[in-house]
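First the structure, in the form of structure tokens, and then the observations on it.
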Amino acid sequence: CTNTNLDTLAVSMLPNLEYLACNTNELDSIDLSQNLQLNYLTCKHNYLTVLDVTNNVNLEALHCSHNSLTDLDLSNSVNLKELYCHSNRFAIFDASDLVSLEEFDCKLNNIVYLNLKNGNNTNLDFFDCTSNYVSMIICVDDSTYAESANNWNKESTASFADSCGC
């Protein structure tokens with residue numbers, strides 16, 4: 001259902017749904033509370049202001065870029081490997097529960113504080129938080145590692161910190 005100008009999408013009666021692609025529509029919400037088997041969600045280029053994935057514990061990939069999200073509760077998303085949430089409206093972002101994370105793109109938001117201290121930063125193969133708040137603080141497992149990690153991108157004015165109230 002990508003690029004079909006949908007403004008509503010009902011998937012609650014599909015409890016075994018594992019893959020959902022609903023990019024480039026006019027959706028402002030999606031009820032995923034009954035889709036407990038969902039492991040891949042791409043809902044880029046919509047008008048989402050809220051995205052509740054707290055029941056979707058099997059989620060391994062979430063692509064929710066180019067929306068109007070200000071908050072995203074990922075506390076139950078321990079299986080999430082890919083998170084692409086750039087071009088939203090986040091100011092504070094908590095990725096500390098994402099122990100399986102391998103790819104994370106949160107560029108082009110207005111993030112002031114990012115908690116990436118998940119005990120598993122060495123498994124993060126790709127990280128981009130460029131074009132956020134100029135003096136962004138990124139709380140990580142090991143700032144020395146983070147500074148030298150390949151494919152980790154931040155603005156030169158942003159800083160990695162080991163201890164920052166995480």
Side-chain angles (χ1 to χ4, degrees), residues 20 22-24 27-33 38-166:
L20 178 58
C22 54
N23 301 322
T24 318
L27 301 171
D28 59 10
S29 65
I30 308 170
D31 180 0
L32 302 168
S33 61
L38 191 65
N39 61 41
Y40 187 94
L41 172 62
T42 178
C43 53
K44 304 178 291 187
H45 296 276
N46 277 288
Y47 301 105
L48 298 174
T49 56
V50 174
L51 182 60
D52 185 353
V53 293
T54 53
N55 289 343
N56 309 104
V57 297
N58 293 316
L59 202 59
E60 293 182 9
L62 174 57
H63 298 246
C64 57
S65 301
H66 297 277
N67 279 288
S68 297
L69 299 170
T70 58
D71 188 39
L72 189 59
D73 181 352
L74 298 170
S75 58
N76 295 334
S77 300
V78 295
N79 296 309
L80 197 63
K81 295 178 182 177
E82 297 176 20
L83 177 56
Y84 288 79
C85 58
H86 61 272
S87 305
N88 276 286
R89 297 180 180 166
F90 301 113
I92 296 173
F93 200 95
D94 186 1
S96 63
D97 294 309
L98 306 181
V99 296
S100 301
L101 200 59
E102 297 172 1
E103 300 175 23
F104 183 27
D105 182 349
C106 61
K107 68 180 174 271
L108 296 165
N109 280 285
N110 195 28
I111 299 174
V112 175
Y113 176 78
L114 170 63
N115 185 352
L116 189 55
K117 194 171 193 132
N118 65 2
N120 208 18
N121 286 173
T122 56
N123 282 351
L124 194 57
D125 296 325
F126 173 76
F127 171 61
D128 189 348
C129 68
T130 55
S131 299
N132 276 291
Y133 187 72
V134 67
S135 58
M136 177 184 190
I137 296 172
I138 307 153
C139 188
V140 293
D141 298 337
D142 180 347
S143 59
T144 303
Y145 172 81
E147 286 290 349
S148 63
N150 290 330
N151 297 317
W152 279 44
N153 303 301
K154 69 169 185 61
E155 297 297 335
S156 61
T157 54
S159 58
F160 291 118
D162 297 316
S163 178
C164 46
C166 300

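Treat the numbers as computed from the prediction; the structure is a model and nothing was measured.
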Self-check item: Distance (rounded to the nearest 0.5 Å) between Leu74 CG and Leu83 CG
Solution: 6.0 Å

Quiz item: Do Leu51 and Leu41 pass the side chain to side chain contact (heavy atoms under 4.5 Å, CB included) test, and can you show the C-alpha distance, the side-chain angles, and the key distance before you say yes or no?
Solution: CA-CA 11 Å; Leu51 182 60; Leu41 172 62; 4.3 Å; yes

Quiz item: Going from CD on Glu82 to CD on Glu60, what distance comes out if it is rounded to the nearest 0.5 angstrom?
Solution: 9.0 Å

Practice problem: Could you tell me which residues satisfy salt bridge (charged side-chain N to carboxylate O under 4.0 Å, His left out) with Asp141, sequence neighbours excluded, listed by chain and number? | Solution: none

Self-check item: Pairing residues for Tyr133 by the side chain to side chain donor-acceptor pair (under 3.5 Å) criterion, not counting sequence neighbours
Solution: none

Self-check item: Test item: Thr157 side-chain N/O and Ser135 main-chain N/O as donor-acceptor pair under 3.5 Å
Solution: no

Practice problem: Kindly compute the distance separating CD1 (Ile92) from CD1 (Ile137), expressed to the nearest 0.5 Å. | Solution: 10.5 Å

Quiz item: Do Cys43 and Leu48 pass the side chain to side chain contact (heavy atoms under 4.5 Å, CB included) test, and can you show the C-alpha distance, the side-chain angles, and the key distance before you say yes or no?
Solution: CA-CA 9 Å; Cys43 53; Leu48 298 174; 3.6 Å; yes

Practice problem: Measure the CG-CG distance between Asp52 and Leu32 for me, rounded to the nearest 0.5 Å. | Solution: 8.0 Å

Practice problem: Looking only at non-hydrogen atoms, find the nearest pair between Tyr40 and Leu38 and report the distance. | Solution: O-CD1, 3.6 Å

Quiz prompt | Main-chain N/O of Asn109 paired with Asn132 side-chain donor or acceptor, under 3.5 Å | solution = yes

Quiz item: How would you list, by chain and number, every residue that makes a side-chain contact (heavy atoms from CB on, under 4.5 Å) with Ser75, sequence neighbours excluded?
Solution: Asp73, Asp97

Quiz prompt | Pairing residues for Asn118 by the side chain to side chain donor-acceptor pair (under 3.5 Å) criterion, not counting sequence neighbours | solution = Asn121

Quiz item: In Å and rounded to the nearest 0.5 Å, what is the OG to CG distance from Ser77 to Leu62?
Solution: 7.5 Å

Quiz item: Do you know which two heavy atoms are closest between Lys117 and Val140, and how far apart they sit?
Solution: NZ-O, 3.6 Å

Quiz item: Could you go step by step and tell me if Asn76 and Thr54 meet the side-chain hydrogen bond (donor to acceptor under 3.5 Å, both in side chains) rule?
Solution: CA-CA 6 Å; Asn76 295 334; Thr54 53; 5.0 Å; no

Quiz item: Does Asn153 have any side-chain contact (heavy atoms from CB on, under 4.5 Å) partners at least two apart in sequence or in another chain, and if so, which?
Solution: Phe126, Asp128, Thr130

Exercise. Check the pair Glu147 / Lys154 against side chain to side chain contact (heavy atoms under 4.5 Å, CB included), numbers first and verdict last.
Key: CA-CA 9 Å; Glu147 286 290 349; Lys154 69 169 185 61; 3.9 Å; yes

Practice problem: Quick one: closest heavy-atom pair of Ile138 and Ala158, and the distance? | Solution: CD1-CB, 4.3 Å

Practice problem: Run the numbers on Cys129 and Phe93 for side chain to side chain contact (heavy atoms under 4.5 Å, CB included), then give the verdict. | Solution: CA-CA 11 Å; Cys129 68; Phe93 200 95; over 6 Å; no

Exercise. Could you pull out all residues at least two apart from Lys44 that satisfy side-chain contact (heavy atoms from CB on, under 4.5 Å)?
Key: Asn23, Thr42, His63, Ser65

Quiz item: Among all residues two or more places apart in sequence or in another chain, which pass the side chain to side chain donor-acceptor pair (under 3.5 Å) test with Asn58?
Solution: none

Quiz item: Has the side chain of Asn39 got a donor or acceptor atom that lies under 3.5 Å from a matching backbone atom of Leu59?
Solution: no

Practice problem: Could you grab the distance from atom NZ of Lys81 to atom CG of Leu98, nearest 0.5 Å is fine? | Solution: 13.5 Å

Exercise. Could I get the full list of side-chain contact (heavy atoms from CB on, under 4.5 Å) partners for Thr49, not counting sequence neighbours?
Key: Ser68

Quiz item: Considering all heavy atoms of both residues, which atom of Asn88 and which atom of Cys64 are nearest to each other, and what is their separation?
Solution: ND2-O, 3.1 Å

Exercise. Spell out, as yes or no, whether a donor-acceptor pair under 3.5 Å connects the side chain of Asn120 to the backbone of Ser100.
Key: no

Quiz item: With sequence neighbours excluded, what pairs up with Phe160 under the ring-ring contact (aromatic ring centres under 6.0 Å, His included) test?
Solution: Trp152

Practice problem: Quick one: list whatever passes ring-ring contact (aromatic ring centres under 6.0 Å, His included) with Tyr47, sequence neighbours left out. | Solution: none

Exercise. Return the minimal non-hydrogen interatomic distance between Asn46 and Cys22, and the atom names on each side.
Key: ND2-O, 2.9 Å

Exercise. Can you see which heavy atom on Phe90 is nearest to which on Cys85, and at what distance?
Key: CE1-O, 3.7 Å

Quiz item: Quick one: side chain to side chain donor-acceptor pair (under 3.5 Å) partners of His66, sequence neighbours excluded?
Solution: none

Quiz item: Does a side-chain heavy-atom distance below 4.5 Å link Ser29 with Val50?
Solution: no

